[in-house]
Every structure is written in structure tokens, then in C-alpha cells.
Amino acid sequence: MTVVVFGSINMDLVVQVPRLPVAGETLPGHTFFTAPGGKGANQAVAAARLGAPTYMIGRVGGDVFGMTLRDQLRADGVDVSNVVVDGAAPSGVALIQVDAAAQNTIVVVAGANGTHDAGSLQQLNAALDTARVLLLQLEIPLEMVVAAARAAHERGVTTILDPAPARSLPPELYRFVDILTPNQSEAAALTGVAVKDATGAAQAAHMLRDRGVARVVVKLGEHGAYWATESAEAAVPAIAVDAVDTVAAGDAFNGGLAAALVAEQPWVEALRWAMAAGALATTKRGAQPALPYRDEVMKLLR
Ligand code: RIB
């Protein structure tokens with residue numbers, strides 16, 4: 001059984017800064033690098049590095065970024081036969097600032113990620129034939145996300161939605177999603193609850209479950225996570241690591257969760273696996289360069 005990812009593929013343009021600038025301020029940065037990213041592609045690479053057969057449905061532009069991004073996905077073992085080059089659009093890019101405390105700001109320009117259409121859904125439907133898990137995020141057109149979740153729901157494929165970047169969701173989408181994984185700010189944006197700790201996370205998780213999602217995991221960064229399912233709920237502590245850059249930590253979590261579910265790990269163990277993947281992703285710089293391999297996760301969990 002496979003993981004299918006329908007989502008964004010970006011080139012990340014990253015600067016390290018001593019602190020995040022305020023509006024109107026010019027600030028000297030001290031390092032610049034480019035690295036493959038995009039929430040969809042990051043989750044695909046995370047799942048593949050952790051051992052899951054992984055298929056990506058995505059679009060890149062007919063530019064030098066596009067070729068590099070597709071080659072990198074292939075090099076990581078992701079099946080890219082459904083990654084289309086849209087010669088009329090630029091590749092998606094993300095402008096990222098990371099400060100000395102490992103916090104970041106990200107501005108995304110969708111480019112080819114914004115041109116998905118019925119052809120993408122045809123590709124998705126074919127890929128769902130062998131899928132156990134579908135991973136979705138919100139960096140492609142929202143109507144595509146809804147249609148994909150509906151298709152997976154009708155076929156009994158477990159859908160994990162990362163509601164990032166935060167935006168309000170159509171009510172019907174909640175019913176098609178099996179596992180929703182907001183971070184603190186996304187959970188707050190979706191529910192209006194101030195999610196500052198496990199109590200707020202629990203309240204938000206209950207509200208999201210009431211909208212029709214079977215399982216909710218609120219990612220709380222250095223404070224761990226709070227999950228709620230049909231029959232149980234609990235807070236999970238974070239795994240302590242030396243964080244230098246939190247970009248793609250959430251993507252590592254979702255890719256890790258998908259890989260664990262494909263490997264038929266029980267829910268609580270799958271969550272530990274995902275937490276470990278997310279923690280390890282913060283110990284290196286960049287998005288895909290920081291995503292961990294299976295042996296690293298196993299070592300951290302031992
Ligand atoms: O989640 C991190 C990702 O968000 C980055 O790789 C960037 O491309 C944006 O999509």
C-alpha cells in the first residue's frame with residue numbers, strides 16, 4: 001500500500017537573520033541558500049525517507065527550479081510520474097526568514113501549484129487505486145483539496161489534511177478528512193480558540209471533531225501535541241532535541257504519520273514516530289535537507 005501526496009512543490013529561498021525584521025526595516029542577514037521545499041513535496045520526501053512507497057501529484061514550472069525540484073523528488077525515491085511541468089507558469093517559490101531562535105516567517109508564491117485542474121484529479125484517482133493514505137495541505141487550489149478528499153473518502157483511503165497555510169475551510173471538507181493536523185495558530189484560526197496549551201488544544205480538537213473529522217492532532221511545537229479520536233484523547237510531550245530551524249517540522253510529522261500508518265503501526269506508536277520525525281527535522285537547516293531517514297527516527301525512539 002502507498003502514500004499519495006497531492007500538494008505543492010516549491011523552491012525555498014532562505015535567509016538566516018539575527019531576528020525577524022519589522023515593517024519598513026532593512027536588516028542584514030548572514031546566510032542565504034536555496035533548498036527544495038513546498039508542503040506537499042516535503043511530506044512526500046518525509047514519507048519516502050521513512051520507507052513508504054510514495055506517489056506525488058504536483059506541478060512545477062518549465063524553469064530551472066522546476067527541473068531541479070522534480071529531480072530531487074525522484075532522487076528521494078518519490079514516484080514523480082504524475083509531477084507535471086507547466087511550461088506556462090513559474091515554479092512555486094517560498095521566501096523564508098529564519099531567526100537565531102529557530103523561528104521563521106514564510107511567504108509563498110504559488111506559481112504552477114495554482115494551476116491544478118481536472119487533469120490532476122484524474123491522476124489522483126488512478127493513484128488512489130493502491131493508496132492507504134492521502135496527504136493534503138492548503139498550498140494548491142482549495143477546490144482541488146475538497147475534490148481530492150471527497151474522492152479518497154469514497155474509496156476508503158485515509159486522508160490526512162494539514163490545514164496550512166491557515167484559511168477557513170468549507171464545512172463539507174471536514175466530513176471527508178480522517179485526520180486533521182493543525183498547529184497552534186492554525187487550530188486557533190479554524191476555531192477561534194486561543195490555543196496556548198493542552199487545555200486550549202483540547203477545546204479546539206473537540207470543536208474540530210464536532211465538525212466531522214474523526215481524529216485531530218494539534219501540533220504544539222516544543223510543547224508536544226494533543227490528540228483526540230473517537231474513543232480517547234491525550235497530550236503527548238515533545239521529544240527534546242537541539243532545534244536550529246523549525247521549517248518543515250510539521251511536514252516531517254505528517255509524512256512520518258503517513259509512513260507509520262502504511263506500516264500498520266497502532267495509533268499511539270504512529271504518533272510517536274511522527275513526533276520523532278518532526279523533532280529531528282528541527283535539528284538541521286532547510287526543508288527537505290532536514291527531513292530524517294528511518295534509521296535516525298528509530299535511533300531517537302530507542
Ligand atoms: O512547511 C514548510 C514549507 O512551507 C516550505 O518548504 C515552503 O516551501 C512552504 O511551502
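One-based numbering, in listed order, for ligands and for the atoms of each. The structure presented is a predicted model; accordingly, all values stated were derived computationally and were not measured.
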Exercise. Begin with the C-alpha distance, continue with both residues' side-chain angles, and end with the deciding distance and a verdict on side chain to side chain contact (heavy atoms under 4.5 Å, CB included) for Arg294 and Trp273.
Key: CA-CA 10 Å; Arg294 188 179 170 80; Trp273 188 265; 3.9 Å; yes
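Taking the six-membered ring where tryptophan is involved, the planes of His116 and Phe6 are perpendicular, since the angle between them exceeds 60° and thus also 30°.
Checked by distance only, ligand 1 and Gly38 come closer than 3.5 Å through their nitrogen or oxygen atoms.
Ligand 1 has no atom lying under 4.0 Å from any heavy atom of Ser8.
If you take CZ on Arg215 and OG1 on Thr181, they are separated by 14.0 Å, rounding to the nearest 0.5 Å.
A donor-acceptor contact closer than 3.5 angstrom links the side chains of Ser91 and Asp63. Looking only at atom types and distance, the side chain of Asn113 has no donor-acceptor partner in the side chain of Lys39 under 3.5 Å away. For the 3.5 Å distance criterion, the side chains of Gln288 and Gln72 fail to qualify, holding no donor opposite an acceptor.
Of all the heavy atoms of Gln288, none lies under 4.0 Å from any atom of ligand 1, so neither backbone nor side chain is involved.
With Leu161 as the partner, the side-chain contact (heavy atoms from CB on, under 4.5 Å) test is satisfied by one option alone out of Asn254, Leu169, Leu135: Leu169.
Ranking protein heavy atoms by distance to atom 2 (C) of ligand 1, first place goes to Asp251 OD2, 3.3 Å. Lys39 NZ, 3.1 Å is the protein heavy atom nearest to atom 4 (O) of ligand 1. Among protein heavy atoms, the minimum distance from atom 10 (O) of ligand 1 is reached at Glu139 OE2, 2.7 Å. Scanning the protein heavy atoms around atom 3 (C) of ligand 1, the nearest turns out to be Asn42 ND2, 3.6 Å. Closest to atom 8 (O) of ligand 1 among all protein heavy atoms lies Asp12 OD1, 2.5 Å.
Near Ala287, with a cut-off below 4.0 Å to any heavy atom, the atoms of ligand 1 are 6 (O). The contact set between ligand 1 and Ala94, taken as ligand atoms under 4.0 Å from a residue heavy atom, comprises 7 (C), 8 (O). Those atoms of ligand 1 that come under 4.0 Å of a heavy atom in Gly37, given as number and element, are 6 (O), 8 (O).
Side chain of Thr246 to backbone of Ala102: a donor-acceptor contact under 3.5 angstrom is found.
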